[in-house]
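Comments concern the structure below.
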Amino acid sequence: MNIRKLIAGVVCLAAASGFLTGCGSASSTADNEEKVTVWAWDETFNIKAVNEAKKVYENEETEIEVVTMSQDDIVQKLNTALASGNTEGLPNIVLIEDYRIQGYLTSYPDAFADLSAIVKEDHFAPYKFAVNKVGEKIYGVPFDSGVTANFYRTDLMAEAGYTEEDMENLRWDEYIQVARDVKEKT
């Protein structure tokens, strides 16, 4: 199996934030199959997603090793290896938080694989994708985009004359007007 396609598949299927790829290189096992190593944290989310990707992409030609460690350990190991210039033992794919990505890419510009040929930027929300690029080169893939929620007190909304249905599919200007009305009337 083509290692670039495998990494792209794992990255896209599992797509914390962020992935950086290309830290290490695929190694060969005793049976001449390629071995791809992934570092991740959080058994209930990240590891679960990577293991789902593993089910799809692992085969007789490719072994995928998922290494679970704490976020702090991932950061420490990456920092130590990249700062020393000894990248032996680093994974092919690593999950890291968005706010750390640019630091790695700018501090160690030659340490990561250019994924521009296999990752399509327009498949992701622009605000999540920007941290995965330097110039026009793509080095990572968003993993999640977080969830937002709007909580409000239905009793105060009713007092101001609004129903739950009134809160559905609002444009920002309508939402702001509701907020003004609730503040004024309650």
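Values in this document were obtained by computation on a predicted structure and should not be read as measured data.
Using a distance-only test at 3.5 Å, with no hydrogens or angles considered, no donor-acceptor pair links the side chain of Thr62 to the main chain of Glu58. Judged by distance alone, with hydrogens and angles left aside, the side-chain atoms of Thr163 form a donor-acceptor pair with the main-chain N or O of Asp166 at under 3.5 Å. Side chain of Asn132 to main chain of Tyr139: no donor-acceptor pair is present (N/O by atom type, distance under 3.5 Å, no hydrogens or angles). Judged by distance alone, the side chain of Asn46 and the main-chain N or O of Trp41 form a donor-acceptor pair under 3.5 Å.
Leu90 contributes atom CG, which lies 8.0 Å from atom CZ of Phe112 (distance to the nearest 0.5 angstrom). Residue Lys120 holds its NZ atom at 7.5 Å from NE2 of His123, rounded to the nearest 0.5 Å. Atoms OG1 and CD, on Thr154 and Glu164 in that order, are 6.0 Å from each other to the nearest 0.5 Å. For the atom pair NZ (Lys48) and CD (Glu52), the distance works out to 8.0 Å, reported to the nearest 0.5 Å.
Between the side chains of Thr44 and Asp42, at least one donor-acceptor pair of N or O atoms lies under 3.5 Å.
Within a 6.0 Å radius of CG in Asn169, no more than 12 heavy atoms belonging to other residues, nucleotides or ligands are found. Residue Glu88 qualifies as open at atom CD: its count of foreign heavy atoms under 6.0 Å is 12 or below. More than 12 heavy atoms of other residues, nucleotides or ligands shown are found within 6.0 angstrom of OH on Tyr152. Annotation for Lys137: atom NZ does not count as buried by contact number, only 12 or fewer foreign heavy atoms lying within 6.0 Å.
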Which donor-acceptor pairs under 3.5 Å do side chains of residues 75-85 form with protein atoms, sequence neighbours excluded?
residue: Asn79; atom: OD1; partner: Tyr104; partner atom: OH; Å: 3.1
residue: Asn79; atom: ND2; partner: Val75; partner atom: O; Å: 3.3
residue: Thr80; atom: OG1; partner: Gln76; partner atom: O; Å: 2.9
residue: Ser84; atom: OG; partner: Thr80; partner atom: O; Å: 3.2
residue: Ser84; atom: OG; partner: Ala81; partner atom: O; Å: 3.0
residue: Ser84; atom: OG; partner: Asn86; partner atom: N; Å: 3.1

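Linking Ile, Leu, Val, Met, Phe, Trp and Tyr whenever their side-chain heavy atoms come within less than 4.5 Å leaves Trp172 and Tyr127 in two separate clusters. Side-chain heavy atoms closer than 4.5 Å link hydrophobic residues (I, L, V, M, F, W, Y) into clusters, and following such links, even through other members, never connects Ile176 to Met157.
Residues Asn92 and Thr37 approach most closely at OD1-N, 2.6 Å, considering heavy atoms. When all heavy atoms of Ile101 and Val131 are compared, the closest pair comes out as CG2-O, 3.0 Å. Looking at every heavy atom in both residues, Ile138 comes nearest to Val119 through CD1-O, 3.6 Å. For Glu43 against Ile47, the heavy-atom pair with the smallest separation is OE1-CG2, 3.6 Å. In this structure, Val178 and Met167 approach most closely via the heavy-atom pair CG1-SD, 3.8 Å. For Phe124 against Val141, the heavy-atom pair with the smallest separation is CZ-CG1, 3.4 Å.
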Just do the salt bridge (Lys or Arg N to Asp or Glu O under 4.0 Å) check on Lys35 and Glu65 with the steps written out, would you?
-> CA-CA 7 Å; Lys35 181 177 179 181; Glu65 177 187 22; 3.1 Å; yes
Please lay out, stage by stage, how Ile96 and Trp39 fare under the test side chain to side chain contact (heavy atoms under 4.5 Å, CB included).
-> CA-CA 9 Å; Ile96 61 171; Trp39 286 359; over 6 Å; no
I would like to know whether Glu174 and Gln177 meet side chain to side chain contact (heavy atoms under 4.5 Å, CB included); could you show each step before the answer?
-> CA-CA 5 Å; Glu174 295 169 327; Gln177 186 59 51; 5.7 Å; no
List the steps and the verdict of side chain to side chain donor-acceptor pair (under 3.5 Å) for Ser116 and Asp114.
-> CA-CA 6 Å; Ser116 302; Asp114 179 0; 2.5 Å; yes
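For the pair Glu121 and Lys133, the minimum side-chain heavy-atom distance is below 4.5 Å. A heavy-atom distance below 4.5 Å is found between the side chains of Gln102 and Val134. Annotation: side chain of Glu97 is in contact with side chain of Gln71 (closest heavy-atom distance under 4.5 Å). In this structure, Ile74 and Val94 have side chains that are in contact, with non-hydrogen atoms separated by less than 4.5 Å. Taking the side chain as every heavy atom from C-beta outward, Val36 and Glu63 never approach each other to under 4.5 Å.
Of the options Asp181, Asp155, Leu156, a side-chain contact (heavy atoms from CB on, under 4.5 Å) to Thr186 is made by Leu156 and by none of the others.
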